[in-house]
2 protein chains.
Amino acid sequence: MPFTRLDGNIPPGMKLSSKGEYALRALIVLGENYERGIVRIQTISEQQRIPKRFLEQILNDLKSGGFLESRRGVAGGYRLARPPEQITLAALIRHIEGALVPTPVLSEQGRRTIQPPNEAQAAIRSVMKEVREAILEILDRVTIADLCDRVRRLRSEAGIATDYVI
Amino acid sequence: MPFTRLDGNIPPGMKLSSKGEYALRALIVLGENYERGIVRIQTISEQQRIPKRFLEQILNDLKSGGFLESRRGVAGGYRLARPPEQITLAALIRHIEGALVPTPVLSEQGRRTIQPPNEAQAAIRSVMKEVREAILEILDRVTIADLCDRVRRLRSEAGIATDYVI
DNA sequence: CATAATGTCAACAGATATAGTAGAGATTTT
DNA sequence: AAAATCTCTACTATATCTGTTGACATTATG
């Protein structure tokens, strides 16, 4: 059974990486189990069909970002570090996709020379800023708890979806 | 002199590729010269410090997308195919960043098996949809003419910016 | 204490995307 | 005929993405 990923119909400039999608799906599972306690990687991997060893990395990364807590050993696993209502997608995606660090260009003399943006670049940047604000306005509002709500609603709407072949 | 690119402070999930940025900057130049007529690649390359051979590809691509017209030969060059007011960033970015075609996964039998999204994926997708709509609401409104306006305003606000070294 | 079941950490690897470069050709003006 | 320009195709180097692998650390349980 192949692993599944969202792909088609992704807004231009707004593609979520596999890592990002896997992270969100794992967090939804952990959100659903927040009251019940700890969940093993393997459980999440099977339930969401995410490659287990890859998921290990992702969850570990989320832990170092302060989103998760873990316990090792036989009864080990992961849980959310905070209630799902307090984890926003904005914070998550910021952490997962990483802070874009501007790479300074080295000149021949070895000193860092930086070109200030020209007016065209500044104009483009100003539009991008509007776009970012619009995105964040949404992602700051949506939490893991909201995603879990949507999942619950979808589950009650539809029956059990089965694989199909074309 | 190094080529310049916007980079730091790019909204998460909303990075413009070099190609995309170069395209927009070239289009701004062509928008500013829409009345005057044709502009050579080299002029744009020098004015915006964009690698010339790379720019050739980009402009050619924009032409095949119907955004530009060209003339070869000695007095050759490019111009916008339509007035700058009629070219939206949404259309441009859609063309440049390319249509995301979902890649079907081949099963062992060689038949295409597609997994329908599970509820978690559907929930994520629904948020992405909201984000996309918010982005497009902005990018559908902003045209090349708008970018040129912003450039003009920036030019009148600030003096001539010179390179600096740190 | 031994063992098994977990998470942890670091390195590696193949595929794909990005950011160009290069060469040869076609068209137009002079 | 020559020069200037765009056009088309191919190539390359680097980075990023998507994982895999192996060794290790920790914990519960018998």
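What you see is a predicted model; the values in this text were computed from it and never measured. Below, read A as the first sequence line, B as the second, and so on, with proteins coming before strands; counting in each chain starts at 1.
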Separation of [X] atom [atom1] from [N] atom [atom2], in whole Å?
X	N	atom1	atom2	value
B:Leu62	D:dT7	CG	P	12 Å
A:Glu56	D:dA23	CD	C1'	13 Å
A:Ile50	D:dT20	CD1	P	12 Å
B:Leu68	D:dC6	CG	C1'	12 Å
A:Ile58	D:dG19	CD1	C1'	9 Å
A:Arg25	D:dT18	CZ	P	13 Å
B:Asp61	D:dC8	CG	C1'	13 Å
B:Ile96	C:dA17	CD1	P	18 Å

Just to confirm, is there a sub-4.0 Å distance from OP1 or OP2 of [N] to any side-chain nitrogen or oxygen of [X]?
X	N	answer
B:Ser18	C:dA19	yes
B:Ser70	D:dT7	yes
B:Lys19	C:dT18	no
B:Lys63	D:dT7	yes
A:Asn60	C:dG7	no
A:Tyr78	C:dT6	no

Under 4.5 Å between any side-chain heavy atoms of [X] and [Y], yes or no?
X	Y	result
A:Leu27	A:Leu68	yes
A:Asp146	A:Leu89	no
B:Arg82	B:Phe67	yes

At 4.0 Å (heavy atoms only), tell me whether B:Ile41 reaches a base, stays on the sugar-phosphate, or touches nothing. sugar-phosphate

First of B:Gln42 and A:Gly20 reached from the 5' end of DNA chain D, by closest nucleotide: B:Gln42

Report each atom pair, protein N/O against N/O of nucleotides 27-30 of chain D, whose distance is under 3.5 angstrom.
residue : atom : partner : partner atom : Å
D:dT27  : O2   : A:Val74 : N            : 3.3

Nearest 0.5 Å, what's the CZ-CG distance between A:Arg25 and A:Leu55? 10.0 Å

Can you find a side-chain donor-acceptor pair between B:Gln48 and A:Gln121 that sits under 3.5 Å? no

Can a side-chain donor-acceptor contact be found between B:Arg141 and B:Thr88 if the only test is distance below 3.5 angstrom? no

Is the CD atom of B:Glu137 crowded by more than 12 outside heavy atoms at less than 6.0 Å? no

Qualifying residue, where the test is side-chain contact (heavy atoms from CB on, under 4.5 Å) with B:Tyr78 and the options are B:Ile41, B:Ile38, B:Val39: B:Ile41

Whether B:Arg150 and B:Glu32 form a salt bridge (side-chain N of Lys/Arg under 4.0 Å from carboxylate O of Asp/Glu) is what I want to check. no

Ion pair check, B:Arg153 and B:Glu157, cut-off under 4.0 Å: no

Contact list (N/O, under 3.5 angstrom) for nucleotides 10-12 of chain C vs protein:
residue : atom : partner : partner atom : Å
C:dA11  : N6   : A:Gln57 : OE1          : 3.3

